[in-house]
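Here the structure comes first, spelled out in structure tokens, and everything after it is commentary.
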Amino acid sequence: MMQFFEDARQFMPILLQGAYVTVQVAFLSLALSTVLGLTLALMRMSGNPLFYVPAVTVITGLRGIPIIVQLMYIYFVLPEIGIDLSAFTAGVIGLGVAYSAYHAENFRAAILAVDRGQYEAALSIGMAKAQLMRRIILPQALRIMLPPYGNITIMMLKDSSLASAITVSEVTRAGQLIASSTFKNMTVFTLVAFIYLVMSLPLTALNSWLERRFAAK
Amino acid sequence: MIEVKEVSKSFGALTVLKSMSFTVARGEVVCLIGPSGSGKSTMLRCVNGLERHDSGLISIDGMTVDTKSKTIGSVRAEVGMVFQRFNLFPHMTALGNIVEGPVQVRGRPKGAANEEAMALLHKVGLSDKAESYPSQLSGGQQQRIAIARALAMKPKAMLFDEPTSALDPETVGDVLAVMKDLAHEGMTMLVVTHEMGFAAEVANRVLFLDRGEILEEGPPSELLKRPQNERTRDFLQRVLHPGERTVRDDRP
């Protein structure tokens, strides 16, 4: 047991550096996937085939291909056509794009769950489509989509570990490197697991705060 | 003010409006009555373009109602609509609901819109509910806020789609009172209703619709008291005296 704490003290600074990268990857890819997801959802619901067809194609494609394969594609294949990204950028873009499909479906479900009468009431006072979405529908959809959004956020935090496969030096990769040179697997991966758990707790708390904040009046 | 000319509409194979024509003059109150499925709500919803009519012409104060046109929003802004289920915006206060249209659609300054909204709240008897959310209000109160929301746009005409059908009986009176006041102030109103008392007292004309057609029309004193058409008589009998009916004999 003493050995564990001694090792932990030695490994922790390196792992925390990795954790910092994990937070960056997770946060940036969450922002990217949220914006892309909302765009895809609105395109899919536009009723215009020019937007609808590409959105459905992209969503279906992204959901059907494992995230790790998408990451490999971006990091290893794109350079062959001249798009050379750093591992970190490739990781953020890969996770952001991959998760946009899940956000899109969540947003779409939430928007569809808003009562039809709300559209009619907004139209009846002369609102234009964009105004109606921004002022009436999206604020109500927000309340519906928050619980699944929180879920996806935590999944993204954990799935940022997939970026280790393309050499992003986040916490899982840092752990792998330490473990392979010290063979202290139990210590290292216990610490890594603990770090993920600790990072997910504030997210859970933030989400329940948001849910209360936007709860139905 | 409202002109409906040979308007037809069908949902798939079902024809709901058969070449319907009528007008509502400025300041006139017209009630649409008839059994469910007669097309009265659909007709009303066509007037502000919430439903698209297949053929015929609808115009409001000379503006053509065309759901595909870019100007449909400005036509809708001129016509107030009150729904059976209120459809208040649940994430806004009563006051917020009322100023939403003037501020967002008309671009009115917030202060002025708030003042006008308070005057409207006073008019519908809910001055003390300005900061309440819809879920904190009774059905009748919500419907009065919905009327105030429609009036805030200073509409040229008001459409009412069974405004009291979803209400608890004890709150119906307050809503009808607000509607009567409006009628007396000279508002042009087209009202789909089952409230025969309201029709008798307030309407200038009553149209009886059945199966997408106007079967009979006239002043309420005539149509409600001495209906000429057999189906009008049958309908009024059932609405006015629901308890007295025996099971209808549907043998041919």
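Chain A is the first sequence line, chain B the second, and so forth, proteins listed ahead of strands; every chain is numbered from 1. Reckoned from all heavy atoms, side chains included, excluding hydrogens, waters and symmetry mates.
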Do B/Arg85 and B/Phe83 form a cation-pi contact, if we require the NZ or CZ to be under 6.0 Å from the six-membered ring centre and within 45 degrees of the ring's axis? no
A/Tyr99 and A/Leu36, any side-chain heavy atoms less than 4.5 Å apart: no
Less than 4.5 Å apart, side chain to side chain, heavy atoms only: is that true for B/Gln141 and B/Thr171? no
Could you have a look at A/Gln140, A/Arg116, A/Arg135, A/Lys129 and say which one has the most heavy-atom pairs with chain B under 4.5 angstrom? A/Arg135
Value rounded to 0.5 Å, distance of [atom1] in [X] from [atom2] in [Y]:
| X | Y | atom1 | atom2 | value |
| --- | --- | --- | --- | --- |
| B/Glu131 | B/Gln136 | CD | CD | 10.5 Å |
| B/Met179 | B/His184 | CE | NE2 | 12.0 Å |
| A/Phe27 | A/Met156 | CZ | CE | 11.5 Å |

Please rank B/Val79, B/Thr93, B/Asn87 by heavy-atom pairs under 4.5 Å with chain A and give me the top one. B/Asn87
Flag the one option from B/Glu78, B/Gln104, B/Arg106 with the top tally of heavy-atom pairs under 4.5 Å to chain A. B/Gln104
Please determine whether a side-chain nitrogen of the Lys or Arg among A/Glu170 and A/Arg173 lies less than 4.0 Å from a carboxylate oxygen of the Asp or Glu. no
B/Glu3/B/Arg26 salt bridge by N-O under 4.0 Å criterion: no
Ordered numerically, the heavy-atom neighbours of chain A under 4.5 Å found in residues 32-67 of chain B are B/Arg45, B/Asn48, B/Leu50
Is there any residue in residues 144-168 of chain B with a non-hydrogen atom under 4.5 Å from a non-hydrogen atom of chain A, and which ones are they? B/Arg149, B/Met153
Pick one of side chain, backbone, both or neither for A/Gln131, based on which atoms fall under 4.5 Å of a heavy atom in chain B. side chain
Short side-chain donor-acceptor distance under 3.5 Å, A/Tyr196 and A/Thr172: yes
What part of B/Ile72 gets within 4.5 angstrom of chain A, counting heavy atoms only: side chain, backbone, both, or neither? neither
Taking side chain to side chain donor-acceptor pair (under 3.5 Å) as the test, write out the residues that go with A/Ser29, two or more places apart. none
Can you name the side chain to side chain donor-acceptor pair (under 3.5 Å) partners of B/Ser74, sequence neighbours left out? none
With a 6.0 Å cut-off on the ring centroids, do A/His103 and A/Tyr149 count as close? yes
